[in-house]
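Note that the numbering runs from 1 along the sequence shown for the chain. Atoms within a ligand are numbered from 1 in the order they appear, just like the ligands themselves.
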Amino acid sequence: MIPYGSHSVDQSDIAAVVDVLENAFLTQGQQVPEFEANLCKYTGAKHAVAVNSGTSALHLACIAAGVGSGDIVWTSPNSFAASANCALYCGARVDFVDIDPKTRNLSLPELATKLENAALNGNLPKAIIAVHFAGSSCDMKTIRALTQPHNIVLIEDAAHGLGGLDQYGNPIGACVYADMAALSFHPVKSMTTAEGGAVLTNNDKLASSVRLHASHGITKNSNDFSVQDQQKPWFYSQQSLGFNYRLSDLHAALGNSQIKRLDSFITSRRRLAERYDDALSHLPLVLPQLDKNSAWHIYTVELTQHDRTTVFNTLREKGIGVNVHYIPIYRHIYYQNLGFSAQNFPHCEGYYNNAITLPLYAELTVDMQNTVIETLCEVLS
Ligand SMILES: *Cc1c(COP(=O)(O)O)cnc(C)c1O
């Protein structure tokens, strides 16, 4: 089976991890700060806090944003559940902004209208989590302009986006228009640490809050102690209720090695996406919008004449590991029980009902991609 996504680990990655196993601290050593510095250098963000998953990164970003009970957080329904769960962890409520059928990201006109109504009704969101679906950036400059008058915290779910650029030429994660960005290093993402994630920000206060809550809410910084406690060399202080969301040095060592290969991963993904664009243009499909700066996390097509289940099953039977991104978050039983109705998200429904994700990852060879293309042509003929 050709999977829809996969990591690329080479001998240099393996050597980097083995070196830590043999010679260094397994956690809380030098690999993590080095990884954080590498993430800052790559994206241009001032601060990076590496954590143990993208989900943890989103949770910490919500905490730092001050999201709590009584608050509402908006996100895109066309995403992985973690984009919304993070707000629920904080005791807040979630609502969704329908997508733009072209970009499959949250729709700017929908957002503008929803904000106007919320301002009138006094139920504006505390934060908005903009998901860069498939690695193609939301227009964060416009989203910032819409949300700025209402003092809304802007968080990017950039789990798909590392290695891509936004519409204005900024690296995704630079946080030029957003307060924070969350990354994921799950093996199907742009680069991997096995499990892992990070919060990026240019804001010193947000960075300190994220760092504090990633490690139990405990600080060892004596400036945060009372004068008496500053005399105690063993002292540390829990200042807030945090979590153990730390990344280990083994994972960070893999990240430090992978980030050197990131540009080559993105180049391969882009080349393969362009090949799909050319090879599939004659088929009865809606192809993803051309975005030459996308990180190309996934390549999703919409069927226009065929039954999705039949095509999906036939491709799987023929060894093509297709997938569907995403089951809209409001469709999960847990969210249905919170009262969400699919009728309120017609564009997300329209996309979801016909969507199929084709294999795309750095190590997908041209031969394997040709097999995918030929099989798809055969199934749709
Ligand atoms: C992968 C992913 C996450 C969660 O990341 P993990 O590292 O798996 O916890 C969140 N949001 C989106 C859009 C993702 O694709």
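By heavy-atom distance, the residue among Ser79, Gly54, Ala57, Ala81 lying nearest atom 13 (C) of ligand 1 is Ser79.
The shell of residues lying under 4.0 angstrom from ligand 1, judged by heavy atoms, excludes Ala182.
Contact annotation: for Phe133 versus ligand 1, there are no heavy atoms closer than 4.0 Å. When non-hydrogen atoms are compared, ligand 1 lies under 4.0 Å from the side chain of Lys189 (C-beta onward) but not from its backbone. Under 4.0 Å from ligand 1, the heavy atoms of Ser83 that appear belong solely to its side chain. Of the heavy atoms in His160, only side-chain atoms (C-beta onward) come closer than 4.0 Å to ligand 1.
Atom numbering of ligand 1 starts at 1 in the shown order; those under 4.0 Å from a heavy atom of Gly196 are 7 (O). Atoms of ligand 1 lying under 4.0 Å from at least one heavy atom of Tyr326, given by number and element, are 15 (O). Ligand 1 places these atoms under 4.0 Å from at least one heavy atom of Ser53: 7 (O), 9 (O).
A donor and an acceptor atom, one from each side chain of His59 and Ser56, are nowhere located under 3.5 Å apart.
With respect to atom 10 (C) of ligand 1, the closest heavy atom belonging to the protein is Asp157 OD2, 3.6 Å. For atom 9 (O) of ligand 1, the closest heavy atom belonging to the protein is Thr55 OG1, 2.5 Å. When only non-hydrogen protein atoms are considered, atom 5 (O) of ligand 1 lies nearest to Ser184 OG, 3.3 Å.
Ion pairing between a basic and an acidic side chain is recognised when a charged N comes within 4.0 Å of a carboxylate O; Lys292 and Glu274 show no such pairing. Ion pairing between Lys114 and Asp95 holds under the 4.0 Å rule for side-chain N and carboxylate O. Using a 4.0 Å cut-off between a side-chain N of Lys or Arg and a carboxylate O of Asp or Glu, Lys318 and Glu378 qualify as a salt bridge. Under a 4.0 Å N-O distance rule, the pair Arg144/Asp179 qualifies as a salt bridge.
Ring geometry, His297 versus His325: the interplanar angle exceeds 60°, so the pair is classed perpendicular (tilted spans 30 to 60°). Using cut-offs of 30° and 60° for the angle between ring planes, the Phe133 and Tyr326 rings count as perpendicular.
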Step by step, would you call Lys141 with Gln167 a side chain to side chain contact (heavy atoms under 4.5 Å, CB included)?
-> CA-CA 9 Å; Lys141 188 176 184 180; Gln167 291 83 348; over 6 Å; no
